[in-house]
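See structure below.
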Amino acid sequence: MLVLNEEQTRDALPFGELIEAIGRMFRSDCVMPVRHHHEMEVPGEANAVMLLMPAWVPGDHIGVKILNLFPDNHLRALPTIIGSYLLSSGKTGEMLAIVEGGELTARRTAATSALAARYLAREESETMLMVGTGRLSLNLMQAHAITRPLKRFLVWGRSREKAEETAREARALGFDAVAVDDLGAAARQADIISCATLSSQPLIRGEWLKPGTHLDLVGAFKPSMRESDDEAVRRSSVFVDTRAGATKEGGDIVQPLQSGILTMNDIKAELAELAHGKHRGRTSPDEITLFKSVGAALEDLAGAILAYQRASGQVSG
């Protein structure tokens, strides 16, 4: 059985191939049971959570991501989320690989946003605004640069120091990136705005969005969190990775649904429908599009299969 660490997982998941693999998986007959949450007591500390995300393609591959979320791990200088992905054969049940969960999750999340942008962002998009400076920020810039001819990257974070650091790391990757202080001014310039934060209050205002903007919302994964305001939702054609997930977990969709700003019928399509060609995605150059991602188990399965195939020499790279 292969065991891939963080660096090996990163090397086995180039964004171009990962975007294609996730697209194929969204067009497949992948089965995704509801994810499992199990709260666990940690004596003297905040409760922890075990998250299990299974998925399989009948007769092909079986996979499950196991994540342990320990809120007080920062006291030990450890990441809050620690996890692995177990990939097995869908024909025999044999265990094939253990893939490092953090890197897999970060890369498949960014690749899924880039896949959505292929259908929703203007083909000539050149300027991207990255809102947030966490682990996903560089991944999102790299992935979006695969599907659109991006030339300029603006980076905003609550900490100017972290925004500068992220922009510096992006420049080291060959991107023309600068840190910005004025979020509104940056948003008005951007063709693609990608948000990956834990904000509980809207950061992006609808009044800032120029015609043709694509808004990619990756953070705010709880119903109580939010990265866009009501006006952004009103002005946008709304798309989601999965209706089942986004309408229950992501505050950018859940809260507008609860207030009546958005209805279920207002959600134009989920990513599988875009991938199957059941919805064309963007319909005009001036249309403002919004994509909300909360993550789907099939994305992890697609990434794990690709990582296993590349690392085992089944796919050259």
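What's counted below: heavy atoms across the whole structure, side chains too, no hydrogens, waters or symmetry copies.
Other residues, nucleotides and ligands place no more than 12 heavy atoms under 6.0 Å from the CD atom of Glu123. Applying the 6.0 Å contact sphere to NZ of Lys210 captures more than 12 heavy atoms from other residues, nucleotides or ligands. Atom CE of Met40 has more than 12 neighbouring heavy atoms from other residues, nucleotides or ligands inside a 6.0 Å radius.
A distance-only check finds a donor-acceptor pair linking the side chain of Ser125 to the backbone of Arg122 [under 3.5 Å]. Looking only at distances, no side-chain donor or acceptor of His279 sits under 3.5 Å from a matching main-chain atom of Leu274. In this structure, the side chain of Glu126 does not engage the main chain of Pro149 through any donor-acceptor pair within 3.5 Å. No donor-acceptor distance shorter than 3.5 angstrom exists from the side chain of Asp60 to the backbone of Gly90, with no hydrogens or angles considered. No donor-acceptor distance shorter than 3.5 angstrom exists from the side chain of Asn47 to the backbone of Glu39, with no hydrogens or angles considered. Remark: the backbone N or O of Pro211 is not paired with any side-chain donor or acceptor of Asp286 at under 3.5 angstrom. Judged by distance alone, the side chain of Arg188 and the main-chain N or O of Trp208 form no donor-acceptor pair under 3.5 Å. A donor-acceptor pair under 3.5 Å is formed between the side chain of Arg235 and the backbone N or O of Leu209. Side-chain atoms of Ser236 never come within 3.5 Å of backbone atoms of Val238 as a donor-acceptor pair (strictly under, hydrogens ignored). Arg148 contributes a side-chain N or O that, together with a main-chain N or O of Ala121, makes up a donor-acceptor pair within less than 3.5 Å.
Across every non-hydrogen atom of Asp72 and Ala46, the tightest pair is OD2-N, 2.9 Å. Of all non-hydrogen atoms in Cys30 and Leu301, the two that sit nearest each other are SG-CD2, 3.9 Å. Contact between Ser228 and Val233 at its shortest, heavy atoms only, is OG-CG2, 4.2 Å. For Met32 against Ala297, the heavy-atom pair with the smallest separation is SD-N, 3.6 Å. Closest of all the heavy-atom pairs between Asp241 and Glu299 is OD2-OE2, 4.0 Å. Between Ala170 and Ala177, the closest heavy-atom pair is CB-CB, 3.7 Å.
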Task: Criterion salt bridge (Lys or Arg N to Asp or Glu O under 4.0 Å) on Glu231 and Arg234, from CA distance to verdict - done: CA-CA 5 Å; Glu231 185 64 14; Arg234 284 194 193 96; 3.3 Å; yes

Open item on the list: Run Thr197 and Glu227 through side chain to side chain donor-acceptor pair (under 3.5 Å) and show every step you take.
Closed with: CA-CA 7 Å; Thr197 74; Glu227 295 178 311; 2.8 Å; yes

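Look at Arg135 and Glu103 and you find a salt bridge, because one of the NZ, NE, NH1 or NH2 atoms lies within 4.0 Å of a carboxylate O, short of that distance. Ionic pairing of Glu6 and Arg10 is present here: one or more N-O contacts between side-chain nitrogen and carboxylate oxygen are shorter than 4.0 angstrom. Salt-bridge check for Arg108 with Asp300: passed, with a basic side-chain N closer than 4.0 Å to an acidic carboxylate O. Looking at Arg243 and Glu273, a side-chain N of the basic residue comes within less than 4.0 Å of a carboxylate O on the acidic one, giving a salt bridge. With respect to the salt-bridge test (charged N to carboxylate O, under 4.0 angstrom), the residues Lys151 and Asp176 do not qualify. Salt-bridge check for Arg168 with Glu164: failed, with every basic side-chain N at 4.0 Å or more from each acidic carboxylate O.
Using a 4.5 Å heavy-atom cutoff, the side chains of Val294 and Phe221 are not in contact.
Residue His38 forms a side-chain contact (heavy atoms from CB on, under 4.5 Å) with just one option from Asn68, Leu52, Leu51, and that option is Leu52. The side-chain contact (heavy atoms from CB on, under 4.5 Å) test with Leu96 is passed by exactly one of Gln309, His61, Met1: His61. Under the side chain to side chain donor-acceptor pair (under 3.5 Å) test applied with Ser237, the options Glu287, Lys268, Arg282 reduce to a single match, Glu287.
Ring pair Phe153/Phe175 is tilted by interplanar angle, where 30° to 60° counts as tilted.
Atoms OG1 and CD, from Thr247 and Gln258 in turn, are 11.0 Å apart once rounded to the nearest 0.5 Å. Taking CD1 from Ile22 and CE from Met25, the interatomic distance works out to 9.0 Å, rounded to the nearest 0.5 Å. Interatomic distance, Leu2 CG to Leu87 CG, rounded to the nearest 0.5 Å: 9.5 Å. Note that OG1 of Thr9 is 11.0 Å distant from CG of Leu306, once rounded to the nearest 0.5 Å. The distance from atom CE of Met50 to atom CG of Leu67, rounded to the nearest 0.5 Å, is 10.0 Å. Rounded to the nearest 0.5 angstrom, Ile288 CD1 and His214 NE2 are separated by 12.5 Å.
If you check the side chains of Gln314 and Ser312, you find a donor sitting under 3.5 Å from an acceptor.
Stacking of Arg107 on the aromatic ring of Phe15 is recorded, both the 6.0 Å distance cut-off and the 45° axial limit being met.
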